[in-house]
*Asks:* 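Below you'll find the structure I mean.
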Amino acid sequence: MIYHIDYVSEGLHVKGYLGLPPQLPRTLSHKMAEAVDTMHGVTVTGTLACSILNREPASFEESSNESPKLPLVIYCRGGIGRIGAVRLKWVEEFSAQGYAVFAPAYRGNEGSEGRDEFGGADTMDVISAIDWLSRISWIDSSRIHVLGFSRGAINAAVAAAASPHISRMILWSGVSDLTQTYEERIDLRRMMKRVIGGSPAKVPEQYLLRSPLHYADRIPCPVLLVHGTQDEQVLVQHSYRMLDKLRECGHEPQTHLYEGLGHRFPPPQHAAAIHRMFDWLKKGD
């Protein structure tokens with residue numbers, strides 16, 4: 001089950017999606033959603049039925065009145081605006097692994113107030129969400145993980161560096177140096193100059209603050225890097241550089257590199273990558 005959420009981040013109403021495991025009885029899912037609705041500044045505004053029919057064996061009792069303690073994955077979307085919007089299919093696939101999943105749309109997107117700054121103030125939309133999610137009774141606050149896809153790697157890295165609640169981080173096809181992205185992606189330069197306030201030569205500090213490499217020495221949790229070696233949107237060199245930087249900082253990051261794959265994976269490889277990622281998360285759980 002997926003619930004549409006409205007929550008307050010720095011005084012702005014921001015939209016997001018909360019996915020619960022499809023193995024849960026529907027009555028229990030609704031009960032858990034009601035607990036979310038009681039959080040200050042958070043409103044459940046609607047529901048979307050889960051389309052995953054091939055459920056794994058349920059581990060939750062239909063007759064149970066107790067909400068299970070669930071681990072949580074914060075899924076940080078990529079792109080900006082309609083490009084790279086939250087992929088509800090991913091919310092479903094992640095929650096089918098037995099996790100609660102929350103995906104913020106970020107300010108300025110999907111009816112949210114404010115303006116998406118491409119890894120600027122919108123990073124607070126992730127940090128604000130972590131704050132209220134960690135206080136929900138059925139969330140296991142010791143097992144809150146963050147996953148950033150593409151540009152979402154910026155939001156994920158900032159959250160991991162700032163929030164004490166993050167226990168593991170996954171960067172999937174993730175940007176690590178936004179100046180490098182500016183040089184590589186001529187098609188994005190106009191948007192980046194408009195949203196960020198100029199080129200890297202004009203506002204270098206703004207690009208630095210939007211680069212996960214800048215936060216590597218402040219990320220205390222284990223890190224997994226996932227990337228296709230033929231990614232043409234975010235070159236695999238971004239993950240190589242993040243890997244080297246994390247090692248310099250004393251980390252032992254893990255890598256899942258997929259030879260010949262691009263920015264998004266074909267369905268069979270995508271499904272296998274998800275299972276492999278969640279196996280890594282569960283080792284820490």
Side-chain angles (χ1 to χ4, degrees), residues 1-52 55 58-62 64-77 85-107 109-114 122-147 152 155-156 159 162-168 281 285:
M1 203 71 176
I2 297 177
Y3 297 87
H4 198 229
I5 305 293
D6 180 290
Y7 68 103
V8 177
S9 172
E10 295 191 312
L12 299 172
H13 283 271
V14 176
K15 310 300 181 183
Y17 300 90
L18 176 68
L20 296 179
Q23 301 93 332
L24 284 171
R26 184 162 297 191
T27 53
L28 185 54
S29 292
H30 290 331
K31 177 183 175 182
M32 294 164 74
E34 288 171 3
V36 174
D37 213 29
T38 65
M39 303 300 293
H40 178 70
V42 183
T43 305
V44 178
T45 59
T47 60
L48 299 165
C50 184
S51 66
I52 293 179
R55 302 180 179 185
S59 58
F60 309 105
E61 295 294 333
E62 183 78 43
S64 174
N65 291 319
E66 296 296 322
S67 300
K69 281 277 191 181
L70 293 178
L72 171 70
V73 169
I74 309 289
Y75 153 39
C76 300
R77 55 158 286 191
V86 172
R87 300 173 77 85
L88 296 181
K89 185 68 172 176
W90 286 20
V91 175
E92 291 184 351
E93 291 168 339
F94 298 163
S95 63
Q97 296 289 324
Y99 285 66
V101 179
F102 185 71
Y106 309 145
R107 60 190 64 186
N109 296 294
E110 301 189 36
S112 302
E113 295 176 342
D122 50 271
T123 57
M124 284 304 301
D125 302 339
V126 179
I127 295 169
S128 297
I130 293 168
D131 180 61
W132 59 262
L133 285 161
S134 68
R135 291 184 277 112
I136 295 174
S137 60
W138 51 262
I139 293 289
D140 185 343
S141 61
S142 69
R143 295 187 292 163
I144 296 178
H145 315 298
V146 64
L147 182 154
N155 300 67
S163 174
H165 294 293
I166 300 301
S167 57
R168 290 196 160 210
L281 285 181
D285 291 344

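All values derive from a computational prediction rather than experimental measurement.
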*Asks:* Before accepting this row, confirm whether a basic side-chain N of the pair R107/E10 lies closer than 4.0 Å to the acidic partner's carboxylate O.
*Replies:* yes
*Asks:* Could you tell me the separation between the CG atom of L20 and the CZ atom of R26, rounded to the nearest 0.5 Å?
*Replies:* 11.5 Å
*Asks:* Would a distance-only check, ignoring hydrogens and angles, find a side-chain to backbone donor-acceptor pair under 3.5 Å from W138 to M32?
*Replies:*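 Side chain of W138 to backbone of M32: a pair is present.
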*Asks:* Hey, what do you get for CG (L18) to CD1 (I139), rounding to the nearest 0.5 Å?
*Replies:* 7.0 Å
*Asks:* What heavy-atom pair brings L70 and G98 nearest, and what distance separates the two atoms?
*Replies:*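 Answer, listing the atom of L70 first, then G98: CD2-O, 3.8 Å.
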*Asks:* Has the side chain of S134 got a donor or acceptor atom that lies under 3.5 Å from a matching backbone atom of S141?
*Replies:*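 Checking the backbone N and O of S141 against the side chain of S134, no donor-acceptor pair under 3.5 Å is found.
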*Asks:* Of the options D125, D122, T123, which is the one that meets N155 in a side-chain hydrogen bond (donor to acceptor under 3.5 Å, both in side chains)?
*Replies:* D122
*Asks:* Do H145 and S167 have a side chain donor and acceptor closer than 3.5 Å?
*Replies:*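 Result is yes, a qualifying pair exists.
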*Asks:* Between E92 and P22, is any pair of side-chain heavy atoms under 4.5 Å apart?
*Replies:* no
*Asks:* Is it the case that the side chain of Y106 and the backbone of R77 share a donor-acceptor pair, with hydrogens and angles ignored and the cut-off at 3.5 Å?
*Replies:*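 Checking the backbone N and O of R77 against the side chain of Y106, a donor-acceptor pair under 3.5 Å is found.
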*Asks:* Counting N and O atoms only, with roles assigned by atom type, does the side chain of S9 sit under 3.5 Å from a partner on the main chain of V14, one being a donor and the other an acceptor?
*Replies:*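 No: the side chain of S9 does not pair with the backbone of V14.
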*Asks:* With side chain to side chain donor-acceptor pair (under 3.5 Å) as the rule and sequence neighbours excluded, what pairs involving residues 33-42 come up?
*Replies:*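 As it turns out, there is no side chain to side chain donor-acceptor pair (under 3.5 Å) pair with a partner in residues 33-42 once direct neighbours are skipped.
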*Asks:* Could you tell me how the ring of Y75 sits relative to the ring of F94: parallel (under 30°), tilted (30 to 60°) or perpendicular (over 60°)?
*Replies:* perpendicular
*Asks:* Students often mix this up, so state it plainly: with edges at 30° and 60°, are the rings of F102 and Y7 parallel, tilted or perpendicular?
*Replies:*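 Aromatic pair F102/Y7 classed perpendicular.
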